[in-house]
Structure formats: C-alpha cells, structure tokens
There are 2 protein chains.
Amino acid sequence: MKLKEFAKQLGLSPTTVSRALSGYPEVSEVTRARVVQEAVRLGYRPNVNAVRLKTGRVGAIGVVMGRAGEFHFAEFMAGMAERLITEDTDILVIPMANPESDAEMQLYRRLAESQRVDAMIVHSPRPNDQRIALLHELGMPFLVHGRSDIDVPHPWLDIDNEGAVRRATSHLIDLGHTRIAMINGRQGATYALHRDIGYRSALQSHGIEVDPQLIVNGNFTDELGFRFARSFLEQPKRPTAFVAGSMMTALGIYRAARSLGLQIGSDVSVIAHDDVFPYLTADNMVPSLSATRSSMRAAGTRCADLVLQILAGRSPLEIHELWPVELILRESTGPVRALQA
Amino acid sequence: MKLKEFAKQLGLSPTTVSRALSGYPEVSEVTRARVVQEAVRLGYRPNVNAVRLKTGRVGAIGVVMGRAGEFHFAEFMAGMAERLITEDTDILVIPMANPESDAEMQLYRRLAESQRVDAMIVHSPRPNDQRIALLHELGMPFLVHGRSDIDVPHPWLDIDNEGAVRRATSHLIDLGHTRIAMINGRQGATYALHRDIGYRSALQSHGIEVDPQLIVNGNFTDELGFRFARSFLEQPKRPTAFVAGSMMTALGIYRAARSLGLQIGSDVSVIAHDDVFPYLTADNMVPSLSATRSSMRAAGTRCADLVLQILAGRSPLEIHELWPVELILRESTGPVRALQA
DNA sequence: TCCGTCAACCAAATCGATTTCAATTTGGTT
DNA sequence: AACCAAATTGAAATCGATTTGGTTGACGGA
C-alpha cells in the first residue's frame, strides 16, 4: 500500500496524510485521528527507504564490532537495545577491519559518507584516536564510549577506570600487599592506560616502587589470565595480590593459583573488574570475587540515550559523563599472610 | 557529490555512469575504467538510500536480539560479521520484545513490512514457531538457525543436538554411570527438546529408566548450573554424572561439586556443550572439561553465507544443513567410582 | 459588504539513484 | 558505397515518500 493509493482511499491528498502521520500541526485533529486509524486498519506504513531518501535520516545507530567478538560487546548492545526498543531506531553492526590500519579509517569514512547511519558509537578509543578526528571532520554525529586525549572536542561516556583501579590497588596496599601484579587489557586503548595510571598512582602515593615486571597487558581471556598469573606465581619473589581487567582474567588467575596449591583470599588476593554479566557473577565464584563493578549494559542503555539526545539537537560538546565505579569487597581479598622471601 | 554532477564532470550521462559502476556489460571497458577511477578520485559514491528506494534492496540482514543478551549471540554475530565484511551488507540488530507474546509477532511483522532488511535470521526456534509461518506468509526471505517442526517449508542450519547429547550420554553410560543428570536449556526451544530426546534415547537404548527428577531446564548461567547441581548432589541417591547445556552451566556444576568436596572426573563426571568461545575454553578448565563442541562463530559465518545465497536466488527450500558435533573427551569424565547407596 | 486572518488542505517539486526504451556510432559484408 | 547488426550511449520515467508554496473557505471585524 503506497501513500498515493492510501490517500485516495481516504479522499485526502498525500500531503495531508503524510502530515497527519508525522504529527504536523496544520492538520485537524479529526482528520488526523481518522488517518491514523485507517492506516492501522489498511496496514499502511511509509516506505522506509523513501522516507530516508527524502529526509536524509536513516533511523539507525552504527556500532563497529571488533573481530575479537568480545563478550562485553553483547552486553553493551543488549543495553542499547533496551533503550532503543521504544524508539524507531535500530542498531547497525558493522564488522571491523583491523584496528590501527588504513582499512579501519576507510571503513569509518565509507560509513559516514554512505548515509547508512545517523550516528555512530566509537568503542575502546585510543589516546590519540584518529577515528574521532575523522568523524568530527566529516560531521557525523557520534559518541565515544571511553575517552581519548585527542584535541578534537567529542562527547563521551566513560567509567572511572583510573579511580577504580586506584581504589582497588590502595585497598590491597592497606591489606599489607606490596607486590601487586597488574593484568591489564590490551595495550593501546585509553581505558587500559587509565587503569595503568590508577595502579601506579596508588603505589606511588603509598611510597611503593612500581615494578614494571609485574605489569602485563593482553586480551581478556581465561587463558591469558592463567598464563600470566602462573608465570608470576612461579617467580621466587612472587606477587601476593592481583588486579585484573576482567572476570575471565580472574577465572584464569584462580585456576593458576589453585594449580599451585595457593589459596585465593589468603595466599593470593585478587580484585578484578566486573562488567556485570547475567551469566557469570563475581558473587558466585569460589571464593567470591572482590571486584570493581560497573554495568556494561547500563552503559549501553545510556549511550543509546545520549546519542538520541544528540540527534534531537542537544549539543554534543557538553556531553561528558564519567561514571563512578563501585568497589565491592568479597572473599578473594585478604591481608598478606606471610612475607615472601 | 551526486550522480548528475559526477556524470557531467566526466562528460557522460548518468545512465552510463550508473551502469559502469554497477558492472553492466553494455558499457565499454575503457569507459568503465575511467568512470571507476574518477569515482575514486572525486570521491563519488551512490547515495545508499536512493539506491535502496529504487532497487528495493536494503543491504542489511536482520537479527532479533533476545533481551537476555546471551553470550552466544555475540559469537554468532561475530561470525556473521566475518562473512559480511567483504559484502556490502550489514547486520541490523533488532531489540526483541517478550517472546511468545503478541508483541514479538508484531515486531516481526513490522520488520518484514517496513523493508528495513532484505532477510532475517530466526534464532532459537520453537517446535511450532509462528515466526516462521509469518515470515513465510509475508514472503520475507529468512533462514532459521536451529529447526522447527512447523509444517511450513523453511531453510535452516542446525547442529545435531540430539546426536551430540546421545553420544555424550552414551559415553557416560559406557563408563558405568546410570544416574545421569541433565541440565538443559530453557524449555520451549527446539534445541532443548532435541537434547532432551538425545538424552532419553541414549538411556532407553541401554535399558536405563529415565528419572524425570534428574531433568531440569533453565538459562545458561553459572548461577543456575550451581543451584541445580548442588540440589542434585545433596540428594541421597545423587547422580554420578551431568550433561549440561553450556560452559557457564559447567562452571556452576564444578563449583557445586567442589563446594561439597567432590572431585570432578572421579566422584562426578561432567560433559557440557561448548559453543567455542575465545575467552573461555573447555581445555582450560580444571579439570579440563569433556564437551560436545560446535562453533557458534562458524555457524554465524555460514548462516550469513546462506542468507546471501538465498538473496542471490538460491532456492531456500533445499537449504537444510545439519552440522555434526564433535565429542571431545577430557578429564571431567571418568568411570563411576563407587556405587551410591 | 468587504477584507484580512487563520485553519485546513492540496499540487507539484524534490530527494538521488536505476532502468526502459530509443538513439547513435562502429565495424563488417556484399 | 550501402546496408545491417552489434556495441555504446542517453533521455526520461520511475521508486515512494516529504515539503514548499500555494489555494480554498469560514469567520470576525470594520
């Protein structure tokens, strides 16, 4: 059913019908009601592509999906979905080319120029992230999930990674730990940098020297958590505590400790970051995992919300949200038991 | 840069330019080469929305995302993304309303009628899944990931859930287990049903009576795995083995067993289904987890591929792919140690 | 009565491509 | 040289909406 045909059935012009459905004021309430009602009855829906061509609006928010297929990502998207379900907007997932490469930039450029999305969300930004410069330059509305130091103004929502890790580390220090290993995320992303800063500043403000040997970076997998933790724990001057980037990493650390006969919470303390997953919870680990905690899903919801606001006209420049991160202490942290040799 | 303008710069008509870029044969190779080259140089790209309006094709495959934000989903999508990265097609994620409700059907109807996607992928179908009937009726191309018993022809890709669980269960029986608990997925989906059938048929063909008390259904979470396993293991006539629906469930079972001082692999055997995640692998669990194994990511890639084939004209009716599932034995399975009272 | 205002509606232009149908050029035959 | 088929190229219609710039008629005030 096309507009023309539908309008004819109603004895109205396409103009009036279009206005009635889009909520323009120049149409009488009586007519509008009739149009709306008949539209439902006859099943008329404007052709999306025609609307898009004419208005230039697409009704979709773009998200570039990393190849790693990170588990965080699904949570974030679920959050976005929750917010967008009432809106007439959907999520366009774009497979990502290799990061840092020309291909990645070209992908963003193509996307911005191809009018396939109204706005984009940039994930895991780097300190000097050219994607942000590009989108800004191209005039594509966007929101950064995370932060960047690039000197281009950009709206962002981020969690307080630095503060979270500082508190976590400080807490471990308060418990008497001095050799604290840091299993951070992949080098490059700002969040990893911020966590690194938080870790170092906590040590320094307590007068503890930073041992670069105790800092490692890598993907958030059980596998890497295990390997790093294992090699740390096999050292003669082994760490007595860990700060870890994710729940999966924590699983690996638990496993490594167990494999060496060490007790989590007494021989070794662990604090990890918990993005809050429905299927795996820090409270349920054994022993329960102390964690810095911030919901990825909630972030997704809020990001979608902010993007909608930007599209509705809110100035992006004023959007900077820094979310605090809870530190929840459970059983995986405890005082140092004995001084290591 | 619009087509008209671009064509003028080249001294050609829009018609020829359009043809040259779309690869029509009626344009000389010399001209085509020039057009293509200049398009790159001047940065001309056809306006997607105009193309869509005119051709009726959208360049997007729709996937309805459950609210649970399951971890499988991200893997599946990552797989799709891998296949689609070379194509000019993207993934449209649609937030899902409550399943089984009117809202869900309306969502599918709206989607099919709104021309926002060229095709859809239906997940976790139920035995009598009205979504399939609806899409078929509406003429929207689609592919079912999983299977349905509905008497509407539909293309599908599924893994051999029944066979996988039958083999897993049979193997446990061969090891001497007779009380085998089954922690299945949410009731309703066909895959859960198939697994149930596989489980029962294995028992029956070995002359073991099915104890309905040993069969439970629920989401794939560590939490539920723990609770179910715990309550099973506290029974006087406790099971000596588990067949579980997911890695998360297995984590929960491990935890439950440990909390009761039981050894996985000797006191209690476990086989779970492994969808193959980059961040959590069966091999790395302690003890390593025996699993029926099939890659969700590979399924996503293949599904995307099949959908593209359907869109390219392949008859959907002939598309039925049943993927075998590997059974990989590791340390979590072993012979029954002692007969329980 | 006449005019201005306002509410309600409409005709036609427009968005930017694709594609049908027709025109032109090229090259080969006789 | 004349003709025809094949190879190229174009003009204009089309996809289905939105929106600009009207028109119409009712009503109130002068």
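Numbered from 1 within each chain, the chains take letters A, B, ... in sequence-line order.
Nucleotide dC15(D) holds its P atom 8 Å from the NZ atom of Lys4(A), rounded to whole Å. Rounded to whole angstrom, the span from the CG atom of Asn49(A) across to the C1' atom of dG16(C) amounts to 13 Å. One atom, CD of Glu26(A), and another, P of dG25(D), lie 20 Å apart when rounded to the nearest Å. Between Arg52(A) atom CZ and dA17(D) atom P there is a gap of 14 Å when expressed in whole angstrom units. For the pair Glu5(A) CD and dC15(D) C1', the computed distance is 15 Å after rounding to whole Å. Going from atom OH of Tyr44(A) over to atom C1' of dT18(D) covers 10 Å, rounded to whole Å. As rounded to whole Å, 6 Å separates atom P of dC15(D) from atom NZ of Lys54(B). Remark: C1' of dA11(D) and NZ of Lys8(B) are 14 Å apart, rounded to the nearest angstrom.
Residue Leu3(B) places its side chain closer to dT18(C) than to any other of dA17(D), dC9(C), dT18(C). The nucleotide whose nearest atom lies closest to any side-chain atom of Ala50(A) is, among dT8(D), dG16(D), dT19(D), dG16(D).
Contact annotation: Thr16(B) does not reach the phosphate of dT9(D) (side-chain N/O to OP1 or OP2, under 4.0 Å). Contact annotation: Tyr24(B) side-chain N/O to dT18(C) OP1/OP2 distance is not under 4.0 Å. Using a 4.0 Å cut-off, no side-chain N or O of Thr55(A) falls inside it from OP1 or OP2 of dC15(C). Remark: Ser18(B) is in phosphate contact with dT18(C), judged by side-chain N or O atoms under 4.0 Å from OP1 or OP2.
Summarising the geometry, atom CG belonging to Leu10(B) is positioned 12.5 Å from atom NZ belonging to Lys8(B); distances are rounded to the nearest 0.5 Å. We find the CD1-CD distance between Ile150(B) and Gln130(B) to be 4.5 Å, quoted to the nearest 0.5 Å.
Ion pairing between Glu38(B) and Arg41(B) holds under the 4.0 Å rule for side-chain N and carboxylate O.
Below 30°, between 30° and 60°, or above 60°: for Tyr44(A) and Phe6(A) the angle between ring planes is below 30°, a parallel geometry. Ring orientation note: the planes of His72(B) and Phe277(B) are tilted relative to one another, at an angle of 30° to 60°.
Heavy atoms of Arg57(B) sit nowhere under 4.0 angstrom from any nucleic acid atom. At a threshold of 4.0 angstrom between heavy atoms, the contacts of Ser28(B) are confined to the sugar-phosphate backbone, with no base atom among them. Looking at heavy-atom distances under 4.0 Å, Phe6(B) makes no contact with the nucleic acid at all.
At distances below 3.5 Å, at least one donor-acceptor pair connects side-chain atoms of Arg32(A) with backbone N or O atoms of Tyr24(A).
Remark: the Thr15(B) side chain and the dT19(C) base include a donor-acceptor N/O pair separated by less than 3.5 Å. For Thr31(B) against dT8(D), no side-chain N or O and base N or O form a donor-acceptor pair under 3.5 Å. Between the side chain of Arg19(B) and the base of dG10(D) there is at least one donor-acceptor pair of N/O atoms closer than 3.5 Å.
For the pair Leu12(A) and Val17(A), the tightest heavy-atom approach, listed with the atom from each and the gap, is CB-CG2, 4.1 Å.
Nearest-nucleotide assignment on DNA chain D puts the 5′-proximal partner with Leu12(B), out of Lys2(A) and Leu12(B).
Remark: Arg314(A) CZ is packed, more than 12 non-hydrogen atoms of other residues, nucleotides or ligands lying under 6.0 Å away.
One axis for each end of the helix from dT1(C)-dA30(D) to dT30(C)-dA1(D), each built from five base pairs, and the angle between them comes to 60° at 10° resolution.
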